[in-house]
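As structure tokens, the structure follows; a few thoughts come after it.
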Amino acid sequence: MAKEFWIGDIKSGSYDGEEVELKGWIHRTRGSNKIRFVVVRDSTGTVQCVAKRDSLSEQDFQRISEALIESSVVVRGIVQATDREHGHEIQVTHATVIGPVNPERPFPITESAMVEADGGETEFLLDNRHLYLRTGRMTTMLKIRSSVFGAIHSYFRDRDFIEYQAPNFVSGAVEGGSTLFEVPYFGRKAYLTQSWQLYAEAAMPALERLYTMAPSFRAEKSRTRRHLTEFWHAEMEIAWASNDDVMEHGEGVVRHIANTILEDRESELENLGRDLETIGRFADSDYPRMRYDEAVETLQSKGVEIEWGQDLDYSKEKILTEDFEVPHFLTHYPRIAKPFYHRPDPDDPKYVLCHDLLAPEGYGEIIGGGERTWSEDEILERIGEEDTPTEPYEFYIDIRRYGGVPHGGFGLGVDRVCTWLAGAEHIREAIPFPRDSRRVTP
RNA sequence: GCCGACAUAGCUUAGUUGGUGGAGCGGUGGACUGUUAAUCCACAGGUCGCAGGUUCGAGUCCUGCUGUCGGCGCCA
């Protein structure tokens with residue numbers, strides 16, 4: 001039963017002249033009543049199978065001729081290298097349809113649906129996401145996504161970080177409670193986590209270097225091409241570290257991701273029309289760093305209306321990224337613009353020791369992080385500034401009461417990184433079943 | 001939360017000043033021995049998102065609703 005032959009290997013010439021048994025799905029089919037051209041797909045590619053009427057039994061020829069797009073088939077035949085545009089093809093000797101498609105309900109995703117959608121974001125394709133997954137564009141995207149996930153794991157594991165898991169049901173927020181999903185919890189209220197961070201800080205004195213990749217949930221009614229309500233969050237926390245140390249890892253992991261997909265997913269990137277030199281630049285360059293004050297001056301010199309102390313929203317980030325060809329950091333935001341867990345800069349407590357990493361080409365923020373407020377006095381002062389009650393944060397304060405140390409970390413939006421590196425139009429293209437404020441199905 | 005669009009066959013869409021809704025793809029039947037989104041002929045397929053209203057007459061004009069898309073804010 002196990003599958004022995006893969007289209008990717010057939011196309012690379014491993015079986016020229018040999019007989020193979022091909023298991024896959026019909027991608028396209030055409031031809032006459034004497035010869036049928038059936039393009040078969042598997043997870044590694046597509047290959048044209050040529051079924052000549054007199055080369056296989058009448059029954060097999062009939063079956064393969066009648067099978068509709070997305071029928072699953074087992075085809076046996078001889079691999080032949082050709083000069084035709086599609087390269088290798090298979091001269092069919094036997095054909096069986098395993099899972100047929102009923103002509104009364106043909107595969108709904110047609111050329112017209114694909115061509116028109118381009119990025120794949122029509123309502124129809126979103127409603128049929130479970131079927132859209134098997135199209136070329138989505139398959140390619142999922143392969144790149146897998147490599148991005150793998151690269152994040154290998155980056156941290158190669159540097160002796162410990163993978164550590166936090167609960168997804170939580171009782172409080174990391175920041176502003178308005179964006180929490182509330183779920184009933186045996187007569188009480190619980191919430192879906194927005195971030196691993198608070199729980200990571202609890203384990204920081206135990207593990208010192210830790211990371212995770214897990215879903216985070218934000219109940220924001222965001223309607224943009226960079227937001228999901230459920231997204232994959234790669235987070236790290238490191239003891240004995242400054243803002244600069246954390247940034248080194250942020251730059252390191254993003255460059256490692258770019259390097260990995262360049263190495264493992266070159267053809268997939270090209271399929272999506274991504275320029276490899278551009279990705280190479282993301283992989284090899286140093287990422288510039290700019291302080292908030294400098295960013296405000298730059299914006300003001302460009303005629304943008306902004307006052308010191310305002311947070312930098314997306315429209316302003318976008319203007320800043322125009323000056324860069326690679327990701328760049330923005331650091332040292334005003335204390336008043338950032339939540340309590342960011343540590344004030346001892347050199348100038350008007351600022352906090354934080355950073356955002358902005359992707360170029362208009363993709364915007366992919367990392368947010370910084371040094372944490374780590375002493376008991378400072379954390380109480382910072383929480384006090386926000387008029388936040390301290391009770392929900394008792395465990396967080398405890399971490400500072402028992403041997404606090406300088407530490408920091410960041411959160412990386414994995415789906416955003418996939419969107420950016422793949423050159424996709426919308427974050428929905430980069431995740432199999434996107435969740436936003438208007439869609440939880442399929 | 002705010003702003004702006006859109007909704008016609010399974011899909012992608014055309015539809016003029018309001019006068020019996022067309023096409024391409026997909027499907028079915030037929031032709032064709034090398035096709036590349038194959039081609040050619042024929043057929044089937046429509047409560048024009050829903051509910052009201054204006055009118056002799058509404059896919060088309062008006063109101064409301066629903067759904068979807070795009071943008072802002074928020075952020076990863």
Side-chain angles (χ1 to χ4, degrees), chain A residues 27-39 46 48-55 66 68-70 80 82-87 89 91 101-119 121-128 131-132 136 174-176 178-179 194-197 213-235 250 310-318 338-339 356-359 363-369 410-420 425-428 430 436-439:
Chain A
H27 176 65
R28 293 287 181 272
T29 176
R30 52 183 169 259
S32 67
N33 60 5
K34 294 287 194 302
I35 182 169
R36 298 294 308 177
F37 303 98
V38 181
V39 180
T46 59
Q48 175 162 282
C49 301
V50 184
K52 292 177 180 161
R53 181 158 222 155
D54 46 17
S55 299
E66 287 171 358
L68 298 188
I69 287 173
E70 288 305 321
Q80 190 179 57
T82 73
D83 294 333
R84 301 178 205 283
E85 59 189 85
H86 54 261
E89 61 184 27
Q91 299 294 332
V101 172
N102 184 341
E104 284 172 25
R105 301 175 64 139
F107 192 67
I109 299 178
T110 59
E111 281 303 331
S112 56
M114 293 291 291
V115 168
E116 206 58 37
D118 196 23
E121 300 312 316
T122 61
E123 181 183 359
F124 173 75
L125 289 180
L126 288 165
D127 286 341
N128 287 279
L131 301 177
Y132 182 59
V174 174
E175 44 204 297
S178 60
T179 60
Q194 295 183 302
S195 167
W196 164 92
Q197 181 193 326
M213 257 198 290
S216 283
F217 306 89
R218 306 258 166 108
E220 293 155 353
K221 289 188 179 171
S222 306
R223 299 197 47 71
T224 79
R225 57 187 61 191
R226 352 173 258 297
H227 284 87
L228 296 168
T229 51
E230 174 182 348
F231 67 97
W232 283 81
H233 210 173
E235 297 180 86
Q310 258 182 284
D311 207 352
L312 301 176
D313 58 46
Y314 178 66
S315 61
K316 300 184 181 71
E317 281 178 6
K318 212 169 166 183
K338 289 287 177 181
D356 287 350
L357 182 63
L358 307 184
Y363 283 93
E365 187 175 347
I366 52 174
I367 280 181
F410 65 74
L412 175 150
V414 185
D415 317 278
R416 282 187 181 179
V417 169
C418 294
T419 308
W420 161 55
E425 290 285 309
H426 201 294
I427 196 167
R428 279 193 303 237
D436 64 34
S437 61
R438 298 228 177 133
R439 183 176 287 281

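Atom set for the values below is all heavy atoms of this structure, side chains included, hydrogens, waters and symmetry mates excluded. Each chain gets a letter, A, B and so on, in the order the sequences are listed, and its residues count up from 1.
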On a whole-Å scale, what distance lies between the [atom1] atoms belonging to [N] and [M]?
| N | M | atom1 | value |
| --- | --- | --- | --- |
| B:A58 | B:U68 | C1' | 24 Å |
| B:C75 | B:C6 | C1' | 28 Å |
| B:A14 | B:U60 | P | 16 Å |
| B:A37 | B:G1 | C1' | 45 Å |
| B:U8 | B:C69 | P | 14 Å |
| B:G26 | B:G71 | P | 32 Å |
| B:U63 | B:U54 | P | 15 Å |
| B:A23 | B:G45 | P | 13 Å |

Given [options], the nucleotide with the shortest approach to the side chain of [X]:
| X | options | value |
| --- | --- | --- |
| A:P108 | B:U33, B:U36, B:G10 | B:G10 |
| A:T224 | B:G73, B:C69, B:A76 | B:G73 |
| A:K34 | B:G73, B:U33, B:U36 | B:U33 |
| A:E317 | B:U36, B:U68, B:C75 | B:C75 |
| A:R416 | B:A76, B:C72, B:U36 | B:A76 |
| A:F124 | B:C11, B:A76, B:C69 | B:C11 |

Starting from the 5' end of RNA chain B, give me the residue, A:R439 or A:Q48, whose nearest nucleotide shows up first.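 Nearest-nucleotide comparison on RNA chain B picks A:Q48.
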
Sugar-phosphate only, base, or nothing, as touched by [X] at under 4.0 Å among non-hydrogen atoms:
| X | value |
| --- | --- |
| A:R105 | nothing |
| A:R438 | base |
| A:E70 | nothing |
| A:H233 | sugar-phosphate |

To check you understand the geometry: which heavy-atom pair defines the closest contact between A:P106 and A:L68, and what is its length?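 So the two residues come closest at CB-CD1, 4.4 Å.
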
Write down the atom of A:F107, the atom of A:V101, and the distance for their closest heavy-atom approach.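 Heavy atoms of A:F107 and A:V101 come nearest at N-CG1, 4.1 Å.
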
Would you say [N] has OP1 or OP2 under 4.0 Å from some side-chain N or O of [X]?
| X | N | value |
| --- | --- | --- |
| A:K221 | B:G1 | yes |
| A:H227 | B:G73 | no |
| A:R428 | B:C69 | yes |
| A:R30 | B:U35 | no |
| A:R225 | B:G71 | yes |

Is there side-chain contact between [X] and [Y], with heavy atoms separated by less than 4.5 Å?
| X | Y | result |
| --- | --- | --- |
| A:F217 | A:T229 | no |
| A:E123 | A:R439 | yes |
| A:V417 | A:Y363 | no |

With sequence neighbours excluded, tell me which residues meet ring-ring contact (aromatic ring centres under 6.0 Å, His included) with A:F231.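 Per chain and number, A:F231 pairs via ring-ring contact (aromatic ring centres under 6.0 Å, His included) with A:H233.
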
Run the salt bridge (charged side-chain N to carboxylate O under 4.0 Å, His left out) test on A:R226 and A:D415 for me, step by step, so that the C-alpha distance in whole Å, both residues' side-chain angles and the decisive distance to 0.1 Å come before the verdict. CA-CA 9 Å; A:R226 352 173 258 297; A:D415 317 278; over 6 Å; no

Determine, step by step, whether A:R438 and A:R223 satisfy the side-chain contact (heavy atoms from CB on, under 4.5 Å) criterion, reporting the C-alpha distance in whole Å, the side-chain angles of both residues, the deciding distance to 0.1 Å, and the verdict. CA-CA 9 Å; A:R438 298 228 177 133; A:R223 299 197 47 71; 3.7 Å; yes

For the residue pair [X] and [Y], confirm or rule out a side-chain donor-acceptor distance under 3.5 Å.
| X | Y | result |
| --- | --- | --- |
| A:T179 | A:Q194 | yes |
| A:S195 | A:E235 | yes |
| A:T29 | A:R36 | yes |

Tell me the interatomic distance from [X], atom [atom1], to [N], atom [atom2], rounded to whole angstroms.
| X | N | atom1 | atom2 | result |
| --- | --- | --- | --- | --- |
| A:R28 | B:U35 | CZ | P | 19 Å |
| A:K318 | B:C75 | NZ | P | 18 Å |
| A:R223 | B:G70 | CZ | C1' | 7 Å |

Does the side-chain ring of A:F231 lie flat on the base of B:A76, meaning centres under 5.5 Å and planes less than 30 degrees apart?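 It does: the two rings, one from A:F231 and one from B:A76, meet the stacking criterion.
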
Identified stems (criterion: three or more consecutive Watson-Crick or G-U pairs, under 3.5 Å), RNA chain B: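 So far as stems of 3 or more pairs are concerned, RNA chain B shows B:1-7 with B:66-72, B:10-13 with B:22-25, B:27-31 with B:39-43, B:49-53 with B:61-65.
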
Here's a test for you: under side chain to side chain donor-acceptor pair (under 3.5 Å), which of A:R28, A:E85, A:R30, A:R84 qualifies with A:Q48?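 Of A:R28, A:E85, A:R30, A:R84, side chain to side chain donor-acceptor pair (under 3.5 Å) with A:Q48 is met by A:R30 alone.
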
I'd like to know if A:E89 reaches the base of B:G34 with its side chain such that a donor and an acceptor end up less than 3.5 angstrom apart.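 It does, because a donor-acceptor pair links the side chain of A:E89 to the base of B:G34 below 3.5 Å.
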
Under-3.5 Å donor-acceptor pair between A:S222 side chain and B:C74 base: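 Answer yes: a donor N or O sits under 3.5 Å from an acceptor.
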
Nucleic acid footprint by protein, nucleotides 23-31 of chain B - heavy-atom cut-off 4.0 Å, B for base, S for sugar-phosphate alone: -BBSSS---

